[in-house]
Amino acid sequence: MPGPHTGGVQETVPSAHASAVSGRSVTGRVVAVHGRHYLVDAEGALVDCVTRGKKGGVACNDRVEIRATGPSAGVIERILPRDNLLWRSDGQRSKLLAANVDRVVVVTAAVPTPRAELLNRCLVAAEAASIDALILLNKVELPETAAYLTRLRAYADLGYPLVCLSARQDIKPLLPWLTGRTSVLVGASGVGKSTLVNALVPQAGAATAEISSALDTGRHTTTHTRLYPLSGGGTIIDSPGMQEFGLRHLTLDELRAVFPEFRRLAGQCRFHDCRHLNEPDCAVLAAVQSGRIMAERWRVYRDLVRENAQARY
Ligand SMILES: Nc1nc2c(ncn2[C@@H]2O[C@H](COP(=O)(O)OP(=O)(O)OP(=O)(O)O)[C@@H](O)[C@H]2O)c(=O)[nH]1
Ligand SMILES: [Mg+2]
Ligand SMILES: [Zn+2]
């Protein structure tokens, strides 16, 4: 199995324990996902699992039933019912980010140059999965932060908590949001997700990397999703930075519902089935025009509706 043992968290499988697991089904929790390999914590033993046949569909933090096939190897037989699932779908492919989470922490920073598109798609995915979202502005000590913060304040007005900090200096402002809960960090490559994890969990040893300043893009340092227990209670999940965030699985009805500022105007458009795209007397479009709804948010909505229509017809 390629590279699951890169983190500094203790991963040795006590063989006596593993053989006790052998042959019977036990339940466990998926603590890391490496392509089609899943590291499962089952009764304290870490077991390298695969799924039967070509079946994928397992997410980090899934509760699973496994059967051991060797001293530290096993097969996932069943995924236990999920509370929720954060996932993306680009065309035919779907990518499961994490299951059974309490909060999506959308990490952003003024450097590399942020894309409103990605931030909003993360928020939409969280809303669609009925998971609370928080926006974390990292790297606040950078001079570029001030202008970006002004833009982000509008998101706080939508109801998304906004936490500002520097992972290199002090992560305390984030702690009250994480303690006792399961949170997943998502966002573009290079915003500092793994740096946050290392500050929160000193023994994590998650790889981080300098941003390529020539390209002003992150470098996709983290290649797999992995969870870490927090010393104060709770769990944090690190995920690979993303460039695209497809949401083809959302229907028009769902898309209209996952924008809280649209919901507030429900019933105020001339047509009860208004798509808020180009209809006359549309309350949403009027609010975009007057600046009460952020145009960058509406544009993301429009693009999602278009992609969704292409996926369906
Ligand atoms: N100036 C500054 N740089 C930071 C801060 N936090 C992280 N960085 C730097 O940002 C770069 C990228 O950090 P990573 O933690 O690897 O970013 P990531 O989001 O995990 O990236 P991927 O794994 O590719 O998704 C590294 O050089 C970090 O040292 C911060 O608060 N301030
Ligand atoms: Mg990373
Ligand atoms: Zn409308």
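We use all heavy atoms of the structure for the numbers below, so side chains are in, but hydrogens, waters and symmetry mates are not. Whatever order the structure lists them in is the order used to number ligands and atoms, beginning at 1. Numbers here are sequence positions counted from 1.
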request  = Indicate, as side chain, backbone, both or neither, the part of Leu142 found under 4.0 angstrom from ligand 1 when only non-hydrogen atoms are considered.
outcome  = side chain

request  = Give the C-alpha distance, both sets of side-chain angles, the deciding distance and a yes or no for salt bridge (Lys or Arg N to Asp or Glu O under 4.0 Å) between Asp83 and Arg63.
outcome  = CA-CA 10 Å; Asp83 299 334; Arg63 292 179 288 255; 3.6 Å; yes

query = Are any of the N or O atoms of Gly192 closer than 3.5 Å to those of ligand 1?
reply = yes

query = Is Met242 close to Arg88 at the side-chain level, that is, under 4.5 Å between some pair of heavy atoms?
reply = yes

query = Cation over ring, Arg226 on Tyr228, under 6.0 Å and within 45°?
reply = yes

key: Side-chain H-bond candidate by donor/acceptor type, Ser166 with Arg168, under 3.5 Å   = no

query = Hey, which atoms in ligand 1 end up nearer than 4.0 Å to a heavy atom of Ala167?
reply = 6 (N), 31 (O)

remark   = Checking heavy atoms under 4.0 Å, the part of Glu141 that sits near ligand 1 is side chain

task = Mind telling me whether His249 and Trp87 have parallel, tilted or perpendicular rings, with 30° and 60° as the class edges?
result = parallel

ask   = Is it true that the side chains of Asn120 and Tyr155 contain a donor and an acceptor less than 3.5 Å apart?
value = yes

ask   = To the nearest 10°, what's the angle at the Zn ion (ligand 3) between atoms ND1 (His276) and SG (Cys274)?
value = 110°

task = Kindly confirm or rule out an N or O of Ser239 lying under 3.5 angstrom from an N or O of ligand 1.
result = no

message = For the metal site, I want the angle between atom OG of Ser194 and atom OG1 of Thr222 with the Mg ion (ligand 2) at the apex, to 10°.
response = 80°

ask   = So, is Gly241 polar-close to ligand 1, with some N/O to N/O distance under 3.5 Å?
value = yes

task = Examine Thr195 against ligand 1 and note whether any of their N/O atoms are separated by less than 3.5 Å.
result = yes

ask   = Of the backbone atoms (N, CA, C, O) and the side-chain heavy atoms from C-beta on, which set of Asn138 has a member under 4.0 Å from an atom of ligand 1: side chain, backbone, both, or neither?
value = side chain

query = Going through the distances and angles, do Glu244 and Arg93 end up as a salt bridge (Lys or Arg N to Asp or Glu O under 4.0 Å)?
reply = CA-CA 12 Å; Glu244 303 301 322; Arg93 286 163 49 95; over 6 Å; no

